[in-house]
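Position 1 is the first residue of the sequence, and the numbers go up from there.
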Amino acid sequence: MSITDAQVRTALEAAIREAAAIGVPMNIAVYDDGANLKAFTRMEGALLGSADIAMNKARTAALFGCKTETLYEFSKPGGTSPGFDRTNGGLIVFAGGVPVRDPQGRLIGAIGVSGGAVAQDSQVAQAAVAALSTSL
């Protein structure tokens with residue numbers, strides 16, 4: 001099962017609310033369980049260059065089923081898989097991409113957020129996923 005349209009709206013609305021609350025316009029992408037773009041929004045004033053980063057964060061989280069920052073350990077200098085971040089058309093290995101799972105733990109999609117500092121991106125992505133917990 002993949003993330004539904006209603007769940008996508010819930011995630012986007014929660015991410016927009018959180019970004020507005022911290023005063024940082026964001027690019028927000030939602031991908032389905034097949035790593036396909038389901039929805040994207042660019043808040044007014046969000047950095048144009050961050051749009052691609054948000055989409056790649058969501059795609060990375062969907063492809064690997066984990067938070068994007070966990071992949072840094074593999075690709076960092078001295079890591080087990082240097083260059084890993086350059087596979088699959090380019091992966092993002094810092095925070096802001098979060099998988100979405102159903103109550104049984106199955107991957108149904110992913111959220112990617114970019115436009116602020118890495119910690120802010122992560123905060124907004126986590127808020128989107130948290131909002132989904134009641135609808136899953």
Side-chain angles (χ1 to χ4, degrees):
M1 181 172 121
S2 190
I3 193 167
T4 67
D5 292 342
Q7 291 166 333
V8 168
R9 284 189 296 278
T10 297
L12 286 175
E13 289 166 2
I16 290 167
R17 274 193 311 276
E18 187 70 16
I22 64 172
V24 180
M26 300 280 190
N27 292 284
I28 306 155
V30 181
Y31 273 54
D32 65 16
D33 59 336
N36 300 298
L37 180 64
K38 184 90 174 174
F40 174 81
T41 192
R42 180 173 170 255
M43 294 174 66
E44 290 179 21
L47 297 170
L48 184 56
S50 292
D52 187 56
I53 296 169
M55 288 185 271
N56 279 332
K57 284 180 180 183
R59 189 174 60 78
T60 299
L63 284 171
F64 291 93
C66 63
K67 292 180 179 180
T68 49
E69 65 267 27
T70 27
L71 299 174
Y72 176 71
E73 289 302 312
F74 298 104
S75 62
K76 71 180 181 181
T80 60
S81 306
F84 172 73
D85 55 323
R86 293 186 300 273
T87 68
N88 293 285
L91 302 174
I92 301 294
V93 295
F94 50 89
V98 181
V100 177
R101 298 189 178 278
D102 70 11
Q104 290 74 40
R106 293 179 298 233
L107 182 73
I108 62 169
I111 310 293
V113 177
S114 185
V118 173
Q120 293 169 320
D121 294 352
S122 180
Q123 177 181 342
V124 172
Q126 292 290 348
V129 173
L132 290 173
S133 64
T134 59
S135 68
L136 294 174

* Can you sort out the partners of Leu47 under side-chain contact (heavy atoms from CB on, under 4.5 Å), two or more places apart, ordered by chain and number? => Ser50
* To do: Taking all non-hydrogen atoms of both residues into account, name the closest pair between Ala29 and Ala58 and its distance.
  => O-CB, 3.8 Å
* To do: Name all pairs fulfilling the side chain to side chain donor-acceptor pair (under 3.5 Å) condition that reach into residues 22-31, sequence neighbours left out, sorted by first residue then second.
  => none
* Working to the nearest 0.5 Å, report the span between CD1 of Ile53 and OG1 of Thr68. => 11.5 Å
* Please name all residues satisfying ring pair (Phe, Tyr, Trp, His ring centres under 6.0 Å) with Phe94, sequence neighbours left out, ordered by chain then number. => none
* Shortest non-hydrogen separation from Ile22 to Met26 and the atoms involved -> CD1-CE, 4.3 Å
* Residues which pass side-chain hydrogen bond (donor to acceptor under 3.5 Å, both in side chains) with Lys38, listed by chain and number, not counting sequence neighbours -> Asp5
* Between CG on residue Leu63 and CG on residue Asn56, distance to nearest 0.5 Å -> 9.5 Å
* side-chain contact (heavy atoms from CB on, under 4.5 Å) against Leu12, all qualifying residues, sequence neighbours excluded -> Val8, Ile28, Val30, Ala39, Thr41
* Quick one: are Pro99 and Lys67 in side-chain contact, heavy atoms under 4.5 Å? -> yes
* Side-chain heavy-atom pair Val113, Gln123 within 4.5 angstrom cut-off -> no
* Results of side-chain hydrogen bond (donor to acceptor under 3.5 Å, both in side chains) for Thr4 - residues two or more places apart only -> Gln7
* Structure fact -> Here the gap from Leu107 atom CG to Ile3 atom CD1, rounded to the nearest 0.5 Å, amounts to 9.5 Å
* **Inter- and intrachain pairs under salt bridge (Lys or Arg N to Asp or Glu O under 4.0 Å), touching residues 15-34, at least two apart** => none
* Gap separating the CG atom of Asn88 from the OG1 atom of Thr60, nearest 0.5 angstrom -> 8.0 Å
* Asked: Between the main-chain N or O of Ala6 and the side-chain N or O of Thr10, is there a donor-acceptor pair closer than 3.5 Å?
  -> yes
* Structure fact -> Heavy atoms of Ala61 and Gly97 approach each other most closely as CB-C, 3.8 Å
* Restricting to pairs with a member in residues 47-58, which pass salt bridge (Lys or Arg N to Asp or Glu O under 4.0 Å), not counting sequence neighbours? -> Lys57-Asp121
* Report the residues that fulfil side-chain hydrogen bond (donor to acceptor under 3.5 Å, both in side chains) with Glu73, sequence neighbours left out, ordered by chain and then residue number. => Lys76
* **Set of side-chain contact (heavy atoms from CB on, under 4.5 Å) partners for Val93, sequence neighbours left out** => Leu71, Tyr72, Ser75, Asp85
* What residue pairs, at least two apart or across chains, pass salt bridge (Lys or Arg N to Asp or Glu O under 4.0 Å) with a residue in residues 6-16? -> none
* Might you point out which heavy atoms bring Ala35 and Ala62 nearest each other, and give the distance in Å? => CA-CB, 3.9 Å
* Asked: Below 6.0 angstrom between ring centroids: does that apply to Phe84 and Phe64?
  -> yes
* To do: Taking all non-hydrogen atoms of both residues into account, name the closest pair between Ala125 and Val98 and its distance.
  => CB-CG2, 3.8 Å
* **Closest non-hydrogen atom pair, Ala19 against Met43** => CB-SD, 3.6 Å
* Asked: Under 4.5 Å between side-chain heavy atoms, hopping through other hydrophobics if needed: is there a path connecting Val129 to Val124?
  -> yes
* Sequence neighbours excluded, which residues qualify as side-chain hydrogen bond (donor to acceptor under 3.5 Å, both in side chains) partners of Glu44? -> none
